[in-house]
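Here the structure comes first, spelled out in structure tokens, and everything after it is commentary.
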Amino acid sequence: QVQLEESGGGSVQAGGSLRLSCAASGDTYGRACMGWFRQAPGKEREGIAIIFPRGDGRTYYADSVKGRFAISRDNAGNSLYLEMKDLEPEDTAMYYCSAGRMFGGICRNNPTKYDYWGQGTQVTVSS
């Protein structure tokens with residue numbers, strides 16, 4: 001079992017910044033892929049930032065956040081972060097931290113490939 005807990009959400013004005021954190025505990029071995037997903041009302045959950053296993057260095061960003069968001073993890077691999085800047089009203093959503101396996105040597109951005117989820121933290125960006 002893996003437990004994930006997000007923190008750091010809130011309300012900001014457009015152009016502002018937020019930093020999300022995710023604390024991971026439990027048997028994280030084998031869940032090498034970690035990522036941030038978001039879901040806005042009436043929309044599907046989307047993978048916005050994925051980080052590959054420790055030592056790999058690869059990351060993935062959705063086009064909608066590329067250049068504005070940055071994902072990172074601590075050396076122990078027990079904490080995941082998402083630095084968000086230049087926030088836009090379109091970034092308003094519930095943000096989720098997730099952990100999952102690699103498929104074909106790749107960390108996917110499809111939420112169906114992730115089997116552990118946090119409870120989510122709300123991010124609201126006003127114009």
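Computed from heavy atoms alone, side chains included, the values below leave out hydrogens, waters and symmetry copies.
Rounding to the nearest 0.5 Å places OG of Ser64 at 7.0 Å from CG of Asp91. Summarising the geometry, atom OH belonging to Tyr95 is positioned 12.0 Å from atom CD belonging to Gln39; distances are rounded to the nearest 0.5 Å. We find the CZ-CZ distance between Phe103 and Arg108 to be 8.5 Å, quoted to the nearest 0.5 Å. Interatomic distance, CZ of Arg45 versus OG1 of Thr112, reported as 11.5 Å (0.5 Å rounding). One finds the CG atom of Leu20 at 8.0 Å from the OG atom of Ser7 (value rounded to the nearest 0.5 Å). Taken to the nearest 0.5 Å, the CD atom of Glu6 stands 12.0 Å off from the CD atom of Gln122.
Not a single donor-acceptor pair under 3.5 Å links the side chain of Trp36 to the backbone N or O of Leu80. Remark: the backbone N or O of Arg68 is not paired with any side-chain donor or acceptor of Asp86 at under 3.5 angstrom. Of the possible polar contacts, one joining the Ser98 side chain to the Tyr116 backbone as a donor-acceptor pair under 3.5 Å is found. Asp56 places no side-chain N or O within 3.5 Å of a backbone atom of Pro53 that could act as its donor or acceptor partner.
In terms of heavy-atom proximity, Leu82 sits nearest to Ala49 at CD1-CB, 3.9 Å. The shortest heavy-atom contact between Gly120 and Met94 is C-SD, 3.7 Å. Looking at every heavy atom in both residues, Gly67 comes nearest to Lys85 through O-CE, 3.6 Å. Closest non-hydrogen pair, Cys107 versus Ile51, comes out as SG-O, 4.1 Å.
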Check against side-chain contact (heavy atoms from CB on, under 4.5 Å), Met84 and Ser17: CA-CA 5 Å; Met84 306 185 294; Ser17 301; over 6 Å; no
Test log, rule ring pair (Phe, Tyr, Trp, His ring centres under 6.0 Å), inputs Tyr60 and Phe52: CA-CA 8 Å; Tyr60 159 87; Phe52 281 53; 9.0 Å; no
From CA spacing to verdict: side-chain contact (heavy atoms from CB on, under 4.5 Å), Asn109, Ile48: CA-CA 7 Å; Asn109 65 323; Ile48 57 170; over 6 Å; no
Chi angles and distances behind the side-chain contact (heavy atoms from CB on, under 4.5 Å) call for Leu18, Leu87: CA-CA 8 Å; Leu18 281 174; Leu87 284 161; 4.1 Å; yes
Worked check of side-chain contact (heavy atoms from CB on, under 4.5 Å) between Tyr114 and Cys97: CA-CA 10 Å; Tyr114 291 77; Cys97 170; over 6 Å; no
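Environment of CD in Gln119: crowded, with over 12 heavy atoms of neighbouring residues, nucleotides or ligands closer than 6.0 Å.
Remark: Arg73 is not positioned above the aromatic ring of Tyr81, lacking an NZ or CZ atom under 6.0 angstrom from the ring centre and at most 45 degrees off the axis. A cation-pi arrangement is absent between Arg38 and Tyr96 under the rule of less than 6.0 angstrom and at most 45 degrees off the ring axis. A cation-pi arrangement is absent between Lys66 and Tyr61 under the rule of less than 6.0 angstrom and at most 45 degrees off the ring axis.
Ile50 and Val65 sit in two unconnected hydrophobic clusters of ILVMFWY residues. Membership requires side-chain heavy atoms under 4.5 Å apart, directly or through other members.
A 4.5 Å side-chain heavy-atom check between Val125 and Glu90 finds every atom pair outside the cut-off.
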